[in-house]
Amino acid sequence: MTSTGAANDTELLRTLLADSALGDRGAFARLYDLTSARIYGLALRVVRDRNYAEEVVQEAYLQYWQKAGDYQPTRGTVISWMMTIAHRRAVDRVRSEELQHRKIGEYEATSRLPAGPVPLELVVDREQSGELRTCLNRLTDLQRDSIEMSYFSGMTYPEVAEHTSTPLPTIKSRIRDGLRKLRSCLRSRDDA
């Protein structure tokens, strides 16, 4: 492309952006047609996902429409202004996704239970194991089964709820009440 052609393109984009700032939708549509391939290409290179790249482009063009009057020709060409905005939006999207993945990973790491059943002997010594069994037998069948599934079989509360076809809040209160009774029973046996 000749320098005259590039200058004409730069001037055309500047005119279209200025008209867009005045609310000219036709000028904005033309600006979109002339620049969207480059903006999308940049977004895709940064986010590496077509769906996210499309969202970044949509957000960027919304910002171009809203901020068209803020463009200052002394600070660079229209396309460089547009690319800077798109790049910032894409980087923000990547950071947001990384933060979300990190938070999910941290949550999973802190809430993960052992993969397999935990033998009772690993939780308490042999003498306490007998006492624990006696106290467990004093619970209702529902409380005992829920506690055993959760604490000795390694199931999460939602898994216990699903396994027993019981609402999650009911499982939580059943286990909580059962643990209180268990604790009380074990304390009374320690005092004896």
Side-chain angles (χ1 to χ4, degrees), residues 1-116 149-150 154-173 175-176:
M1 178 181 287
T2 65
S3 61
T4 305
N8 289 341
D9 288 345
T10 299
E11 189 58 38
L12 174 61
L13 294 180
R14 191 178 301 157
T15 300
L16 292 171
L17 187 63
D19 291 347
S20 297
L22 299 173
D24 184 339
R25 293 176 186 264
F28 191 72
R30 179 86 173 113
L31 179 69
Y32 176 86
D33 290 341
L34 293 172
T35 59
S36 61
R38 287 185 69 184
I39 301 300
Y40 176 76
L42 170 70
L44 185 58
R45 280 192 305 277
V46 174
V47 299
R48 295 188 173 141
D49 179 279
R50 291 186 184 278
N51 293 326
Y52 289 149
E54 290 170 3
E55 289 176 17
V56 166
V57 169
Q58 184 177 11
E59 292 167 2
Y61 275 93
L62 178 61
Q63 188 171 350
Y64 304 151
W65 175 256
Q66 294 171 339
K67 304 286 185 184
D70 295 348
Y71 168 71
Q72 298 173 5
T74 57
R75 298 188 69 192
T77 64
V78 170
I79 195 66
S80 65
W81 177 77
M82 293 174 76
M83 297 284 275
T84 299
I85 289 172
H87 185 264
R88 286 182 186 151
R89 288 228 170 247
V91 168
D92 287 348
R93 173 55 63 107
V94 169
R95 286 181 181 153
S96 173
E97 289 299 314
E98 287 174 351
L99 178 63
Q100 185 175 1
H101 287 295
R102 188 168 57 244
K103 283 183 177 182
I104 289 171
E106 289 170 0
Y107 172 77
E108 288 175 350
T110 59
S111 65
R112 186 170 292 140
L113 294 173
M149 281 186 262
S150 179
M155 296 173 78
T156 64
Y157 286 10
E159 289 171 337
V160 173
E162 184 178 328
H163 182 75
T164 61
S165 301
T166 307
L168 181 60
T170 303
I171 288 297
K172 287 181 177 181
S173 64
I175 291 174
R176 182 183 60 242

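The model shown is predicted, which means the values in this text are computed figures rather than measured ones.
Between atom CG of residue Asp24 and atom CG of residue Leu17 there is a gap of 11.5 Å, rounded to the nearest 0.5 Å. Here CG of Asp9 is found 12.0 Å from CZ of Arg14. Values are rounded to the nearest 0.5 Å. Taking CD of Gln63 as the start and CZ of Arg88 as the end, the distance is 8.5 Å to the nearest 0.5 Å. Taking CG of Leu31 as the start and CG of Asp19 as the end, the distance is 10.0 Å to the nearest 0.5 Å. Atoms CG and CG, on Leu34 and Leu13 in that order, are 6.0 Å from each other to the nearest 0.5 Å. Considering OH of Tyr40 and CZ of Arg50, their distance stands at 4.5 Å, rounded to 0.5 Å.
Residues Glu98 and Val94 meet the side-chain proximity criterion, which asks for heavy atoms closer than 4.5 Å. Here the side chains of Val78 and Thr10 are not in contact, with every heavy-atom distance at 4.5 Å or above. Considering only heavy atoms from C-beta on, Val46 stays 4.5 Å or farther from Arg93 through its side chain. A heavy-atom distance below 4.5 Å is found between the side chains of Glu11 and Thr15. Taking the side chain as every heavy atom from C-beta outward, Leu42 and Arg45 approach each other to under 4.5 Å. Residues Met149 and Thr164 form a side-chain contact, since some pair of their non-hydrogen atoms from C-beta on lies under 4.5 Å apart.
Annotation for Ile39 and Ala86: closest pair CG2-CB, 3.7 Å, computed over non-hydrogen atoms. Ser150 approaches Ile175 most closely through the heavy-atom pair CB-CD1, 4.0 Å. Nearest heavy atom pair, residue Val57 against residue Ala43, reads CG2-CB, 4.2 Å. Nearest heavy-atom pair, Ala27 versus Ser20, reported as atom, atom and distance to 0.1 Å: C-OG, 3.7 Å.
Side chain of Thr84 to backbone of Ser80: a donor-acceptor contact under 3.5 angstrom is found. With hydrogens and angles ignored, the 3.5 Å screen pairs a side-chain donor or acceptor of Tyr64 with a backbone N or O of Met82.
Considering only residues two or more places apart in sequence or on other chains, Tyr52 meets the ring pair (Phe, Tyr, Trp, His ring centres under 6.0 Å) condition with none of them.
For the residue pair Thr35 / Tyr61, a side-chain donor-acceptor distance below 3.5 Å is found, with atom types taken as modelled.
The neighbour count for Gln58 CD, taken as heavy atoms of other residues, nucleotides or ligands under 6.0 Å away, does not exceed 12. Residue Glu162 places its CD atom among 12 or fewer non-hydrogen atoms of other residues, nucleotides or ligands, all under 6.0 Å distant.
The aromatic rings of Tyr71 and Trp81 stand perpendicular to each other, their planes meeting at an angle above 60°, with 30° marking the opposite boundary.
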Subject >> Trace of the side chain to side chain contact (heavy atoms under 4.5 Å, CB included) decision for Met83 with Ile79 >> reply: CA-CA 6 Å; Met83 297 284 275; Ile79 195 66; 4.1 Å; yes
